Amino acid sequence: MREIMGSLHRLDGSGEAQRILRQRLDQVATRTVGLLRAGADLAAVVTAAPEPTAIWSVSGDVGPGDDGS
């Protein structure tokens, strides 16, 4: 912001301010695309993971592979 405000007081004025703002917008756009890609990758990992299975037993004597009978 300081760079933009300073450029408005120099001879190159608004042209330089526009260049700085365009550069900043490009940086924001690049970061946004990176975040979207990372979000898509994370969503793919989460949806591809198998559902965890929980084995619950009231008596505590049921183990993996037991059907509880």
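Keep in mind that what you see is a predicted model, and the values were worked out from it rather than measured.
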Separation between CG of Asp26 and CD of Gln23, rounded to the nearest 0.5 Å = 8.0 Å

Would you give the length of the straight line joining atom CG of Leu42 to atom OG1 of Thr47, rounded to the nearest 0.5 angstrom?
-> 9.5 Å

Between atom CG of Leu36 and atom CG of Asp41, what is the distance when rounded to the nearest 0.5 Å?
-> 11.0 Å

